[in-house]
Amino acid sequence: MDKPGKDMTRREFLGVLGKVGGAAAMFSVMGTLGLLSPETLKAADYDPPKRGEAAGRNGKRIVILGAGLAGMTAAYELGKAGYDCVILEARDRAGGRNWSIRRGDAVTETGGVKQVARFDDGLYFNPGPARIPQFHVTLEYCREFGVQLEAFHNVNEHAYYYNENVGELSSKKIRKRAAKADVRGYVAEMLAKAVDQNKLDLPVTPEEKMMLVEYLRAEGDLNPDLFYKGSYRGGYTEEPGGGLTAGVIRDPFSLSAILQSGFGKYFSSEYSYHQQMMMFQPVGGMDMIGKAFEKRVGKYIQYRTVVKEIRQDANGVRVGYTDRFGEFKEVTGDYCICTIPLPVLKDIPADFSPQMKTAISSVHYAETGKIGLQFRRRFWEEDEQIYGGTTTTNMDITQIWYPSGGFFSKKGVVVGYYNFGPKAKKIGEMSVAGREEQALMQGAKIHDQFYKDFETSFSIYWPKVPYNLGGWGEYSEDDRKKYYPTLCEPDGRVYLSGEHISYLPGWMAGAIESARLAVTAIHKRVMQS
């Protein structure tokens, strides 16, 4: 470790510690040193229009494009206030990416390839959103609508890391707890020795140095001489049990092996802000949320209506669409909330300003895919005692998700891959059979039961899903400066909404939050007119 300059500040030191040990280490040290004070995190205030408040304005009509969570949130809130809403939805279902695949469900990709789900009754696969942080606004609607929830097991230390071409630990499945214990142990040892021997010119007092060493000793489970010699935290080669069975703690991997493994780069995602436990999922499928919205706003939705043009003038908006019979029709309104994903919207003729057209066509959408694999028995539970969580790998499949519900059932659906970028594109461009084979072939390197117990699959590559053409909006720092402000402002009488109009891209909460902003803005405009 390079020796910091003499003018290194306490903030700079904590920044370095955060890079080495992660956010958890940094905040633990801050707490130990007494540098943290309680903070209250509060979501942005939302002041919805009051029930019936707009009725006196002759029930202004709002045309909403898309019956995903953003569109249905907007209709739900506006409808309560007395607005006349109409929702045009291209699909024959509501929910958008809030979607669960069940037996008999069919999807035809943009290339014409059709899949029909053959999962057993009662089993399902969430190809889109699959987890909810406990502080997201999504839970407010789950509570209001009575959507039953259960824990989503986002992190399971008994699942595996498995990387190829990484030295000594190549092609070995390692329990997550073992890798984490060793990485934390070795990093804590190096830092503790450096602090104890005054090798670092730290901006802390001698008493604070002692406190820091004690923290590192506990964090890394170091021995009294500040060496990491292994820890029970990483597991046992012989489990402890009754009587005289004390158990045998596993020997740690060498520092070189654990560094070369690359496992450490996965840790931060597991305690990033939106991935921290607790997390939740609806019982019976993620689309329970969409169905709850649909129950309340379904009267507004016109299904299988494909938007063909968006027109507006000083007096209102006019949206041209084709109905389920292919007949061209138009609907007019006072304002429009457009939740259509940007890769689709950019090709729809619209009376947008040049700046808005440029912004819409400039935002990249995530290349991402998933596959659901049904197995005839839950071998991950029966054979390997894995109940929920994920296995992480540097192979193209990227990760395997084990179901967080239905424990001890006979069968189950595992997410055989959830990948992004070039890896997602590589598999997503394969045939449906090719995707399945890739998931089974790579998954079998971790679980040799894959082929024997496999029954059926269903895969989604979001860039090929009609009316989406991508996973979610991905903004670079430059995009946020150049294009995002334009997208957030109304273009005449048209307001954009959806997860892409938020700092929560890819999350259901982003869609909901953006819709509530549009509702607030339109209502204010109406009441002031």
Side-chain angles (χ1 to χ4, degrees), residues 9 11-12 14-16 18-19 23 26 39 41-46 65-66 68-71 73-74 96-97 129 133 135-138 265 268-269 272-275 310 312 335-368 420-422 424-425 462-463 468-522 524-525:
T9 66
R11 177 177 291 183
E12 289 170 339
L14 291 170
V16 171
K19 291 178 181 179
M26 180 182 71
E39 293 181 345
L41 298 177
K42 185 178 181 181
D45 290 335
Y46 171 56
L65 308 183
L69 292 194
T73 298
R97 280 164 285 193
F135 50 86
H136 274 194
V137 66
T138 313
K265 68 182 180 182
S268 60
S269 66
S272 62
Y273 184 62
H274 294 282
Q275 300 287 352
I310 303 169
Q312 61 175 317
Y335 298 96
C336 174
I337 296 178
C338 178
T339 74
I340 297 173
L342 302 184
V344 179
L345 181 60
K346 70 181 179 64
D347 293 325
I348 298 175
D351 293 334
F352 291 140
S353 67
Q355 295 86 348
M356 178 62 83
K357 289 181 179 179
T358 297
I360 289 171
S361 62
S362 299
V363 177
H364 175 73
Y365 265 53
E367 294 173 327
T368 182
F420 320 93
K425 184 175 182 179
W462 281 99
N468 285 100
L469 304 183
W472 53 83
E474 288 189 324
Y475 292 93
S476 66
E477 185 176 344
D478 189 52
D479 290 339
R480 288 286 186 187
K481 294 177 181 178
K482 292 174 60 176
Y483 307 122
Y484 187 66
T486 299
L487 296 171
C488 288
E489 291 295 323
D491 194 277
R493 290 175 172 266
V494 180
Y495 293 72
L496 302 191
S497 185
E499 53 76 29
H500 50 283
I501 311 299
S502 78
Y503 276 87
L504 298 167
W507 292 99
M508 293 181 289
I512 294 171
E513 296 278 11
S514 73
R516 302 204 319 184
L517 287 174
V519 166
T520 301
I522 289 176
K524 181 178 179 180
R525 190 166 168 179

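All values below come from the heavy atoms of this structure, side chains included, with hydrogens, waters and symmetry mates left out. The structure presented is a predicted model; accordingly, all values stated were derived computationally and were not measured. Sequential numbering from 1 along the given sequence is applied to the chain's residues.
- Ile348 contributes atom CD1, which lies 6.5 Å from atom SG of Cys338 (distance to the nearest 0.5 angstrom).
- Nearest heavy atoms, Ala511 versus Ala70: O-CB, 3.5 Å.
- For the atom pair Asp351 CG and Arg493 CZ, the distance stands at 13.0 Å (nearest 0.5 Å).
- Inter-residue side-chain proximity for Tyr483 and Thr358 is flagged as met; some heavy-atom pair is nearer than 4.5 Å.
- Atoms CG and OG, from Asp479 and Ser362 in turn, are 7.5 Å apart once rounded to the nearest 0.5 Å.
- No side-chain donor-acceptor contact under 3.5 Å links Thr339 and Ser497.
- A donor-acceptor contact shorter than 3.5 Å links the side chain of Ser514 to the backbone of Gly498.
- Residues Leu469 and Pro341 are not in side-chain contact: their nearest non-hydrogen atoms beyond the backbone lie 4.5 Å or more apart.
- No side-chain donor-acceptor contact under 3.5 Å links Tyr365 to the backbone of Trp462.
- Between Trp507 and His136, the angle of the ring planes goes over 60°, which puts this pair in the perpendicular group of the 30/60° scheme.
- Taking CD1 of Ile512 as the start and CG of Leu69 as the end, the distance is 5.5 Å to the nearest 0.5 Å.
- By the 6.0 Å and 45° rule, Arg525 does not stack over the aromatic ring of Tyr495.
- Proximity of Glu513 to Thr73: side-chain heavy atoms (C-beta onward) are nowhere separated by under 4.5 Å.
- At distances below 3.5 Å, not a single donor-acceptor pair connects side-chain atoms of Gln275 with backbone N or O atoms of Pro133.
- Across all non-hydrogen atoms, the minimal contact from Trp472 to Arg97 is CA-NH1, 3.7 Å.
- Checked against a 6.0 Å centroid threshold, the rings of His274 and Phe135 count as neighbours.
- Between Cys488 and Ile501, the closest heavy-atom pair is SG-CG2, 3.9 Å.
- The closest side-chain heavy-atom distance from Gln355 to Asp491 is not below 4.5 Å.
- You'll find the side chain of Ile522 reaches within 4.5 Å of the side chain of Ile337, heavy atoms only.
- Residues Tyr475 and His364 fail the side-chain proximity criterion, which asks for heavy atoms closer than 4.5 Å.
- Shown here for Thr486 and Met356, the closest heavy-atom pair between the two residues is O-CE, 3.3 Å.
- Contact record, Gly473 with Glu499: N-OE2, 3.3 Å, taken as the closest heavy-atom pair.
- Nearest heavy-atom pair across Thr368 and Ala424 is CA-CB, 3.7 Å.
- Contact check for Leu342 versus Leu487: side-chain heavy atoms found under the 4.5 Å cut-off.
- Considering CE of Met508 and OG of Ser502, their distance stands at 12.5 Å, rounded to 0.5 Å.
- Between Ile310 and Pro349 the shortest side-chain heavy-atom distance does not fall below 4.5 Å.
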